[in-house]
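Reading through the structure tokens given below for one structure.
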There are 2 protein chains.
Amino acid sequence: MSTKPKQGRSRVLISDIKPLVDCGRYPIKRVVDEALKVEATLVADGHDVLSGALAWRKKNAGKWQRVALKPIENDQYSAELSFSEIGAYEYKIEAWIDYALTWLHGLEKKFKDGQDVSVHLADGIPHLEFLKAKKLKEAASLIELISKDPNAAAEKALEPWLEEAFHKHPEKQLLSESDLLPAYCDRKKANFSAWYEFFPRSAAAEGHGTLQDVIKLLPRVADLGFDVLYLPPIHPIGEVNRKGKNNSTIAEEGDVGSPWGIGSKEGGHKSVHPELGTLDDYKELIQKANALDIEIAFDLAYQAAPDHPWVKEHPEWFKWRSDGTVQYAENPPKKYQDILPIYFESEDWENLWDELLSVILFWVDCGIKIFRVDNPHTKSIRFWEWAIAETQKLHPEVIFLAEAFTKPALMHALAKAGFSQSYSYFTWRNFRHELMDYMEEVSQGPGADYFRPNFWPNTPDILPYGLQSGNESLFMTRLFLAGTLSSNYGVYGPVYEQLAHESVPGKEEYFNSEKYEVQHHNWEAENKITWLMRVLNKARKEEKALQQNRNFQSLEIENQSLFAYLKWDGEEKTVCVVNLDPYNMQEGWLQLPHDFMPLSEGGYRMYDYISGAEYRWREEWNYVRLDPARPFHLFKVIG
Amino acid sequence: MSTKPKQGRSRVLISDIKPLVDCGRYPIKRVVDEALKVEATLVADGHDVLSGALAWRKKNAGKWQRVALKPIENDQYSAELSFSEIGAYEYKIEAWIDYALTWLHGLEKKFKDGQDVSVHLADGIPHLEFLKAKKLKEAASLIELISKDPNAAAEKALEPWLEEAFHKHPEKQLLSESDLLPAYCDRKKANFSAWYEFFPRSAAAEGHGTLQDVIKLLPRVADLGFDVLYLPPIHPIGEVNRKGKNNSTIAEEGDVGSPWGIGSKEGGHKSVHPELGTLDDYKELIQKANALDIEIAFDLAYQAAPDHPWVKEHPEWFKWRSDGTVQYAENPPKKYQDILPIYFESEDWENLWDELLSVILFWVDCGIKIFRVDNPHTKSIRFWEWAIAETQKLHPEVIFLAEAFTKPALMHALAKAGFSQSYSYFTWRNFRHELMDYMEEVSQGPGADYFRPNFWPNTPDILPYGLQSGNESLFMTRLFLAGTLSSNYGVYGPVYEQLAHESVPGKEEYFNSEKYEVQHHNWEAENKITWLMRVLNKARKEEKALQQNRNFQSLEIENQSLFAYLKWDGEEKTVCVVNLDPYNMQEGWLQLPHDFMPLSEGGYRMYDYISGAEYRWREEWNYVRLDPARPFHLFKVIG
């Protein structure tokens, strides 16, 4: 008669699989060895026993691995997996009526009810034959016993071995299967990284800095404890419409321009600015950084100065106006004449995409494994999804950080499309309730499975109003919060260590920004900020709880100026307490959370990385007092 | 290089479409003219203006209808549709960068900023040409004005006509489209029906009732105000292993058996029990019922007595045990020897499905449009999905009620699979908080888009403990709650009107149940229950708010024994107040809900269908007092 579904005899339905990003359209993200707990609802008609498994493999390849689903409640089941290698994966839920267990449970109920079970026993012989074929001797002898002594056979069948054997060797008849769902396993650095940023042209003691000057600063970066060094673009800077100091539209003689105004007669996105050095210098930098456990993050900024070689060679990759000029970037009424946006709707888009991808692959070949992507939210999201996937097919270790300070839905769209990390709203979250809400969102909200935040107290584009005070305590707490709330964090230095705080009036922008000029810094200076960087990065390396974001819980503390929180990783726990008031000493009582830190006789030893002191907390409520001069505790919880 | 997505140039991404049942795997349900509000998130890179539409059509056919999406907040958009015909539909979200509006908004910002807009105006000529091609004369004259007088042209372009024209004639370049999503539009009865059930064999004054006796009772059913008459199965009843009175496993001479033990030498699922009459009698019953605006609901019970013709003709449709007998129904240690379950895992399952579907189509050909399905949760859910869809392809007006009193996930799975209505947990929800929670779940929970509850105070299978008291007030309130809380409700009579309450000791089952014997009733008796049935069914027909379940709000009332609630349909509102205490008068103050019933000078006229009285409520809090003898108000809200 009518077409019938292929799975017509498979009676189990699988639904409500969680987590799921846009119904499985985008991958769940995890890092190596990080748990992924999958839930699903299994239902079938009738009263039969259902069994199921969570199965996963490398995408389109490899052997399926499986773990049994366990019932939770109300027909929900769950299982947990973790990936042991980086790369793209796929997983699915399998479910089936477990005829063997159904038979066994029926036997148990009838036998206990005193019913004659001889026919029931005989009905089960096919299930025992299945086990016998798996070389289970006990199954063979049970088959013999059934015809000889049904009562003894029933007793034998109801011993634990048979249920265990059925679980171990499921028959999986008339299997139901979910759709294949995608996951991506990154290397651990995608989840745990400490970034330091500076301008290479400001790396010299005098004059225009070079990549060789950057190499000389690597030991300092390592000593401060950072493991990613992010440099703004290193390409030739456009000369046409070049920006002057303080974003002036007219550059004066000798003005160096913005590194993000990429491309000139010296080359474009695959070239090194001659004043910084050569491609070999850059490769040397990458290698010498790696030797100190530092990775260089490349700034991928897909835009062109008016004199970028692409404009002549591929005019179709830009939008042309009715007056014969190329469309420059604008957000009316604002104009950005030094930058031409890429025209992603170009009819030559396929060649354009190939060229853009080739830029990434070029730098990967030079040794780059981390890309910080400039303003990805002004470039086609579909392009990113394709380019990141294509890169990771060849180089699954490559990490992309999205520099998109924009609307929530757009930031999430980029993270779904494949960005490994994302800049975040942390920069503008100052009060306790703001920090709590935002941490709950990033640690437990719908984005928790694909949006990995990276917390920055400042960037070359953003000098937040708070930091414009120049208050040292606030500079300390913002850095401390970034590095303890989020497992990925970064800071734009050395201006941060110097408490630089002069802004363009009324704006959250640095005055005399390094974006438009060369500066010189005292890289040797030591102060509370450099002290904190070392202590913080050391604690982060030792405390597993600070190396992930999924497990976060804010703690009760009876003072609105104090913010306390627990992070944990398995049994390892870290408690932080921060005085958010940069001007006054604050004290209060902090409550240990019942669920995570139940009280035992010995209480807890609280070792403070900041002071080196150790306290013993034996009570539910514990007194803390923090001075703006040293406004936080970072406790390792022992026992 | 690598494969690129087809939609590579389409920059808009569509996500988070709501409502969605299992990611679009199952249809959203609506009835004719019922609103379906669809939400979606649209994002694209950059700052361009996005536009979108909700499009729908009859499944696989017909012309697309469209309505524009309107922004809500945070990149969410919504639009509302309603279906004008019954049948299967599909819908989708379309979205595009609105280049014309982007250009117009840019023009406005630049012009207001005092910038020279002559090039910008010229850039927009293609958008004006597009309107010109749509015969818009103003667009043609604007094109001419642009070269003559840019300032005048800008002013002309910024008048409302142009923005309106762009909205009316979207260019829809590089369109993004969501997946097609399914919806099913039922006739209104799927959402609004009053069911009455009795046993046709108990329809006679004496002896075994017949379908002709049922025909004689139709005027009474119509007079009580019911519009669906549901009769238990009318097929020949098995003689092998027939059940005796009170579910005895041994039938005595003359015992009539259970109508759900279907099939004998007299025939099976396409036959009428000779003692009830003929197929022609049944067709006559259907026609005479229809003439009184009553539909006959057919009991579709897919199971076989041991002597059902299928067992001999299609032994492969049953499960055979190792001793050569057919597997009877069991839920160990319980046994149901009079019923053989259908074996849905049969290798001959495709012929089996065809035969089962043919049963439905046979009765549809006789005039049946409503099927009450017996225990659908013990038959393959995939079968139901197929059978209901196949039936509705040919007969979109057919309605299926699932009689599944089982686990939530399984009840929801059946509703998703296509059942138009479902029996519900109402039967066991007695206290105010239970009723409130359950109503919130069914009216606003995830099932609200596919699970249509049908509320029954009793069934032949269930005499709830409360009703075993025989308390008349409780019989009234349970009927009143069923018929006012849910737009679909039903009652098993005439035992309900008679306050029948003798149970099998310790069980929620009727003693001397009509399931196993013929009974005789005084169909002429009038009492408070028959009075209430008339009043309730009249109010339901007049009050649109009682004809749907989506808009429900419980009201504050300062007495835990009183339960008050508002239902509304557009501007039409109904307020009910129920005394849940069947033994004592209860009084209390009821609060009008600010959001739905703001106070104005005249207040509200409250017309009570129960007493015929009218009150004027001028205050936020209003006094009510209810005696168990008349334990409810049913207010039409006027003004």
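Order of the sequence lines sets the chain letters (A, B, ...), proteins ahead of strands, with each chain counted from 1.
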| Distance, nearest 0.5 Å, that separates SG of A:C23 from CG of B:D22 | 9.0 Å
| request: Examine whether an atom of A:Y99 lies under 4.5 Å from a heavy atom of chain B, and if so say whether it belongs to the side chain, the backbone or both; otherwise answer neither. | output: side chain
| message | Looking only at side-chain N and O atoms, does A:S322 offer a donor or acceptor that is under 3.5 Å from a partner on B:D123? | response | yes
| request: Measure distances from B:H47 to the heavy atoms of chain A and classify the residue's part below 4.5 Å as side chain, backbone, both or neither. | output: side chain
| remark: Heavy-atom closest pair (B:K109 atom, A:P332 atom, distance to 0.1 Å) is CD-O, 3.1 Å
| request: Taking heavy atoms only and a threshold strictly under 4.5 Å, list by residue number the residues of residues 9-16 of chain B that touch chain A; give 'none' if the list is empty. | output: B:R9, B:S10, B:R11, B:V12, B:L13, B:S15, B:D16
| task | Could you look at B:I125 and say if it's the side chain, the backbone, both or neither that has a heavy atom under 4.5 Å from chain A? | result | neither
| request: With rounding to the nearest 0.5 Å, note down the distance linking NZ in B:K110 to NZ in A:K334. | output: 14.5 Å
| query | Where does A:K416 contact chain B at under 4.5 Å (heavy atoms): side chain, backbone, both or neither? | reply | side chain
| query | For A:I381, is it the side chain, the backbone, both, or neither that has a heavy atom closer than 4.5 Å to a heavy atom of chain B? | reply | both
| said: Counting heavy-atom pairs closer than 4.5 Å to chain B, which one of A:H120, A:R25, A:R321, A:K112 comes out on top? | reply: A:R321
| field | Proximity breakdown for B:T41 and chain A, heavy-atom pairs closer than 4.5 Å | value | side chain
| task | Tell me, for B:Y26 versus chain A, whether the close heavy atoms (under 4.5 Å) come from the side chain, the backbone, both or neither. | result | side chain
| field | Side chain, backbone, both or neither of B:A404 within contact of chain A (heavy atoms, under 4.5 Å) | value | neither
| Best-contacting candidate, A:A409, A:G24, A:P341, against chain B by heavy atom pairs under 4.5 angstrom | A:A409
| remark: Turns out that what part of B:E347 lies under 4.5 Å from chain A's heavy atoms comes down to both
| What part of B:L410 is in contact with chain A, defined as an atom under 4.5 angstrom from a non-hydrogen atom: side chain, backbone, both or neither? | both
| request: Please confirm whether the backbone N or O of B:P333 pairs with a side-chain atom of A:Q115, one donor and one acceptor, at under 3.5 Å? | output: yes
| remark: Looking only at A:V43, A:D323, A:N331, A:D113, the option with the highest number of non-hydrogen pairs under 4.5 Å against chain B is A:N331
| Heavy-atom contact with chain A under 4.5 Å, split by part of B:Q7 | both
| Do you know which two heavy atoms are closest between B:P5 and A:W386, and how far apart they sit? | CD-CD1, 4.1 Å
| request: Pick one of side chain, backbone, both or neither for B:L107, based on which atoms fall under 4.5 Å of a heavy atom in chain A. | output: neither
